[in-house]
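Written out below as structure tokens is the structure these notes cover.
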Amino acid sequence: MKRKGIGYASIFYGTGYGNGFPDESRATAELTKEGQIIISVGVSEVGQGGLSVMEQIAVETLKIKKDLIKLQYNNTSKMRDSGTAAASRQTYNTGNAVLDACRKLKDNMNKVKTNKNLENLYVQMKDCNIDTKTEGYFKATTSEVDLETGQGAPYWPYTFGVQKATVEVDDETGKVDIIEVTSAFDAGKIVNPITAQGQIIGGSTMGIGYAIMEEVNLNQGDIQNKNFSDYIIPTSKDIPKYHTYFIEDVEETGPYGAKGLGEPAMLPMAPAIINAIYDAIGVRIYEYPATCDRILLAIKNKNK
Amino acid sequence: MHVKAVGEGFIRPDIYEKVQGKAKYPDDIEMEGMLYAGVKRSTIPYGRVLKTNIDEIRQMEGVICVIDYTMIPGAKCHGVILKDIPILVQDIVKRVGDCILLIVAKDKVSLKKALDQVEVEYDVYQGVFTIEDALKEGAPILGDKSNILYDIKVKTGDIEAGFKEADYIAENCYHTQMTDHAFLQTETAVAHYDDEGVLTVHVATQYPHYDREEVARCLNIQEDEVKIINETIGGAFGGREDINPQCHAALATFITKKPVKVVYSREESTISRSKRHPMEMFYKTGVKKDGKLCALKVRIYGDTGAYASWGMNVLRKAAIHATGPYVIPNVDIEAKAVYTNNPYCGAMRGFGAAQVPLAYESQMDILAEKLTMHPLKFRYMNAFDVGSQTATGQKLKSSIGIKKCIEKIADVNQMEL
Amino acid sequence: MIINGKSYTKKIDPLLRLIDFIRDEAKLKGTKEGCGEGECGACTVIIDGRAVNSCLVLAASVNGKEITTIEGVSQGKLHPIQEAFIEVGAVQCGYCTPGMILSTKALLDKNIDATEEEIKESISGNLCRCTGYQIMIEGIKKAQDKLKKR
């Protein structure tokens with residue numbers, strides 16, 4: 001029989017390398033004589049939408065139309081080091097470096113009074129010996145924790161998320177269906193609601209895989225399931241109806257108040273599912289993934 | 001001029017090429033006279049390479065050259081923190097998938113034939129595959145001096161007094177599994193010399209400047225003699241932080257002076273890269289009748305596999321996040337990263353903070369039931385706020401939206417907190 | 001064979017896979033390989049109206065047939081499915097996108113009124129690790145509206 005259950009989970013996530021490790025991002029903003037703005041920044045677009053975030057921060061800061069701004073982001077000989085696209089740090093860290101470069105360029109541009117276009121502005125800035133290329137830099141503030149006591153300020157800022165999962169568990173087959181998921185996240189100001197929602201839904205779906213499907217099986221250190229035929233990840237048929245809300249508790253040190261989102265997006269889903277399974281069938285699973293076999297075994301043990 | 005951008009649903013700039021199939025991933029690159037390279041990987045988890053039939057492979061048709069560790073001009077190992085992962089092994093193999101020989105061939109077919117013909121003779125050692133075995137006395141030592149790569153403690157308050165105050169205690173053991181990033185685009189790199197003689201590597205990576213550093217170290221050349229072009233990236237999730245084909249492609253080009261492509265099959269992709277740490281987590285949580293958490297004792301063991309990668313950072317992150325987003329005055333947490341002969345574990349979305357929620361959020365529900373309190377309400381009354389102190393003694397200054405998130409979930413469910 | 005309306009005549013190895021013919025002989029790089037065993041759908045193309053994994057098909061076996069790859073979907077201008085994917089933001093890393101669009105096209109060419117369940121079923125052979133599918137499904141529904149208005 002299919003039984004319905006509801007589960008909740010809350011998480012926090014310290015973004016950035018943390019622990020006092022030099023967490024730096026660099027960027028440059030340049031007005032060219034062709035009247036274009038080139039933002040040179042080492043943001044790796046892994047799919048998360050990092051390019052759009054940098055572009056939007058540049059547009060907002062420079063007050064210049066998007067099509068006049070060009071990102072140079074993929075060549076180590078032409079761009080500054082902005083660190084890894086990891087630790088959910090690009091929006092906060094690299095976004096701050098882009099903001100810094102753009103603010104400085106905007107200040108320089110404002111030193112010349114002109115109503116004319118960017119090409120003219122470039123000529124006038126050059127005539128007045130004003131820099132048309134500016135450097136942006138940001139370093140996150142954290143401290144190293146003591147190995148014996150763990151005391152310190154290891155990360156900043158923190159992102160938060162809460163999810164409610166509704167599941168159906170078939171107590172005869174052990175199969176879990178995720179029906180509906182409601183998410184509320186605080187990642188500060190959301191730079192792009194479309195890509196941010198994409199992170200929550202994509203991350204949650206990865207969380208479903210983590211909770212009930214995925215496991216690398218080893219035999220003496222040798223991976224037994226090397227392809228998608230036996231390393232099972234969620235398909236379009238495994239997803240619930242998602243509802244996503246953002247609580248924009250702005251972070252004063254973030255670019256326009258933004259914090260990171262990529263990783264926290266996947267964290268509450270799996271424990272919310274485990275808690276929902278308990279709510280549905282009264283059986284607690286202490287181990288991922290909550291496969292059919294594990295659930296049936298747990299039911300059997302409970303009924304003993 | 002009024003321009004609004006932050007907070008707007010801008011169309012992402014990369015999407016136009018992606019929907020048309022025009023986005024260029026590394027495997028879409030072809031070059032005149034391009035060679036293909038691939039590595040023979042170890043099939044045993046622990047042992048010593050005694051010999052290979054390298055001379056025989058060198059004579060095969062279509063094989064341009066076969067490279068072993070002696071031909072690496074610079075550093076023989078790479079690694080994000082410790083430089084311990086062999087680019088090509090000298091003698092000791094520590095996991096299934098360690099790279100032994102790099103073969104460069106004129107085309108894909110010759111390369112495959114050559115890789116299939118490689119024979120490696122090993123002195124097979126007894127490996128360790130569980131945390132328990134790795135911590136036993138007499139276990140083979142895989143790390144520097146022991147099998148413990150990293151050991152961190154987080155302690156605050158008085159743990160014994162904290163549990164004395166508790167009206168309810170939950171004590172349980174939790175386990176999370178090893179998982180894979182499973183992004184769709186397998187690792188691929190194309191290396192060549194550009195018009196200015198700069199060794200150029202086209203790859204999909206999370207950190208191009210780091211790749212440049214490792215390639216330069218491996219070839220013993222200056223960083224400005226290397227250029228990384230970060231092509232379109234087909235998913236990453238932490239799986240493109242450690243070096244994979246970058247140094248091999250660069251080394252093959254450095255030696256042959258020709259463009260070289262390295263493409264992984266799905267199977268090689270799965271074997272080669274880091275994994276998410278499996279963790280054993282022992283949790284004891286105490287709460288008072290009024291619903292306030294008062295004590296937490298945690299022991300975490302992470303199977304870090306054969307190499308360090310980000311193991312210390314992952315276990316540190318697990319320890320620091322082990323409380324969940326809750327104020328707990330008395331805390332005693334220890335976390336260890338333990339070497340085994342399993343695939344090495346490193347970065348994957350969530351990075352240590354993905355494993356502990358199974359434990360801390362299960363404990364919260366177990367205790368809420370004991371308290372006969374709604375689980376959301378129980379979380380709300382213990383959640384961080386501005387001014388709260390974490391278990392590491394960090395005072396939370398701003399943007400602590402956890403309570404607002406709980407309020408939102410309660411609100412859309414028409415629930416009173 | 002005919003790919004995107006263009007005829008290709010070539011002597012080939014009888015064991016050559018269709019994906020290799022498309023990528024290496026026809027030089028159409030929009031078709032992606034993700035797994036090489038028909039599990040991920042990144043290499044999906046349309047053969048005579050059906051969405052097929054081109055890594056599981058021998059090139060020689062489709063002699064004379066009509067094949068559509070992602071390059072053949074937009075002819076001069078973007079196809080409504082592509083427009084809809086852009087508008088809703090249905091793409092992240094983009095590696096599954098060509099295959100996803102072709103599976104969608106094969107479905108909507110036959111059944112413009114496909115229900116959400118039918119949509120989920122028809123793209124269930126196309127794995128996506130990034131998006132979690134929901135926004136893609138919204139994009140497909142939007143594409144249905146666009147196609148109906150044409």
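Just so we're clear, the structure is a prediction, and the values are computed from it rather than from any experiment. Side chains included, hydrogens not; waters and symmetry mates left out as well; all remaining heavy atoms used. Chain naming here is simple, since letters A, B, ... match the order of the sequence lines and numbering starts at 1 in each.
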Verdict with reasoning, A:V250 to B:S399, per side chain to side chain contact (heavy atoms under 4.5 Å, CB included): CA-CA 6 Å; A:V250 297; B:S399 188; over 6 Å; no
What part of [X] is in contact with chain A, defined as an atom under 4.5 angstrom from a non-hydrogen atom: side chain, backbone, both or neither?
{"X": "B:Y210", "answer": "neither"}
{"X": "B:R379", "answer": "side chain"}
{"X": "B:V128", "answer": "neither"}
{"X": "B:I400", "answer": "both"}
{"X": "B:A391", "answer": "backbone"}
{"X": "B:A354", "answer": "both"}
{"X": "B:D332", "answer": "neither"}
{"X": "B:P375", "answer": "side chain"}

Under 4.5 Å from a heavy atom of chain B, the part of [X] involved:
{"X": "A:T195", "answer": "side chain"}
{"X": "A:M79", "answer": "both"}
{"X": "A:A270", "answer": "neither"}
{"X": "A:V59", "answer": "both"}
{"X": "A:I190", "answer": "backbone"}
{"X": "A:D146", "answer": "backbone"}
{"X": "A:K78", "answer": "neither"}
{"X": "A:F246", "answer": "neither"}
{"X": "A:I11", "answer": "both"}
{"X": "A:Y231", "answer": "side chain"}
{"X": "A:Y158", "answer": "both"}
{"X": "A:Q197", "answer": "neither"}
{"X": "A:N225", "answer": "backbone"}
{"X": "A:P264", "answer": "neither"}

[atom1]-[atom2] distance between [X] and [Y], expressed to the nearest 0.5 angstrom:
{"X": "B:L358", "Y": "A:I273", "atom1": "CG", "atom2": "CD1", "answer": "11.5 Å"}
{"X": "B:D365", "Y": "A:R284", "atom1": "CG", "atom2": "CZ", "answer": "5.5 Å"}
{"X": "A:L51", "Y": "B:D14", "atom1": "CG", "atom2": "CG", "answer": "5.5 Å"}
{"X": "A:Y210", "Y": "B:R276", "atom1": "OH", "atom2": "CZ", "answer": "4.5 Å"}
{"X": "B:S398", "Y": "A:W156", "atom1": "OG", "atom2": "CH2", "answer": "4.5 Å"}
{"X": "A:T182", "Y": "B:D411", "atom1": "OG1", "atom2": "CG", "answer": "11.5 Å"}

Residues A:N227 and B:E267: side-chain donor-acceptor under 3.5 angstrom: yes
Residues B:K404 and A:D249 bridged, charged N to O under 4.0 Å: yes
Pair B:R349 + A:E263: basic N to acidic O under 4.0 Å: no
Do you know which of [options] has the most heavy-atom pairs under 4.5 Å to chain A?
{"options": "B:F129, B:F237, B:Y360", "result": "B:F129"}
{"options": "B:N341, B:I409, B:I152, B:D211", "result": "B:I409"}
{"options": "B:N313, B:D180, B:I333", "result": "B:D180"}
{"options": "B:T270, B:V6, B:T43", "result": "B:V6"}
{"options": "B:E369, B:E407, B:K275, B:K395", "result": "B:E369"}
{"options": "B:E361, B:M348, B:E231", "result": "B:E361"}

Side chain to side chain, [X] and [Y], heavy atoms closer than 4.5 Å:
{"X": "B:K317", "Y": "A:Y13", "answer": "yes"}
{"X": "A:P154", "Y": "B:R316", "answer": "no"}
{"X": "B:M364", "Y": "A:S10", "answer": "no"}
{"X": "A:D222", "Y": "B:P45", "answer": "no"}
{"X": "A:V46", "Y": "B:R240", "answer": "no"}
{"X": "B:I402", "Y": "A:V162", "answer": "yes"}
{"X": "B:R12", "Y": "A:N192", "answer": "no"}
{"X": "A:P289", "Y": "B:T179", "answer": "no"}

Largest heavy-atom contact set with chain B, pairs under 4.5 Å, which of A:Q163, A:K189, A:Q90: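 Option with the top pair count is A:K189.
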Leading residue by heavy atom contact count with chain B [cutoff under 4.5 Å; candidates A:V145, A:I194, A:N75]: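 Of A:V145, A:I194, A:N75, A:N75 has the most heavy-atom pairs under 4.5 Å with chain B.
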A:N74: which of B:I228, B:T205, B:N230 passes side chain to side chain contact (heavy atoms under 4.5 Å, CB included): B:N230
Heavy-atom closest contact (A:A86 atom, B:E241 atom, distance):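 Result for this residue pair: CB-OE2, 3.1 Å.
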Residue pair B:G401 / A:D186: nearest heavy atoms and the distance that separates them: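 Heavy atoms only, the tightest pair is N-OD2, 2.8 Å.
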B:H321 and A:Y155 aromatic ring geometry - parallel, tilted or perpendicular at 30°/60° bounds: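 Ring orientation, 0 to 90° scale: tilted.
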Criterion side-chain hydrogen bond (donor to acceptor under 3.5 Å, both in side chains) on A:D81 and B:Y207, from CA distance to verdict: CA-CA 9 Å; A:D81 186 344; B:Y207 192 4; 2.9 Å; yes
Heavy atoms from other residues, nucleotides or ligands near NZ of B:K377 exceed 12 (cutoff 6.0 Å):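 For B:K377, atom NZ is not crowded (no more than 12 foreign heavy atoms under 6.0 Å).
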CD (B:Q126) with more than 12 external heavy atoms under 6.0 Å: no
From CA spacing to verdict: side chain to side chain contact (heavy atoms under 4.5 Å, CB included), A:E215, B:M178: CA-CA 6 Å; A:E215 178 158 28; B:M178 177 179 284; 6.0 Å; no
B:I366 vs A:Y278, side chain to side chain contact (heavy atoms under 4.5 Å, CB included): CA-CA, chis, key distance, verdict: CA-CA 10 Å; B:I366 291 166; A:Y278 179 81; over 6 Å; no
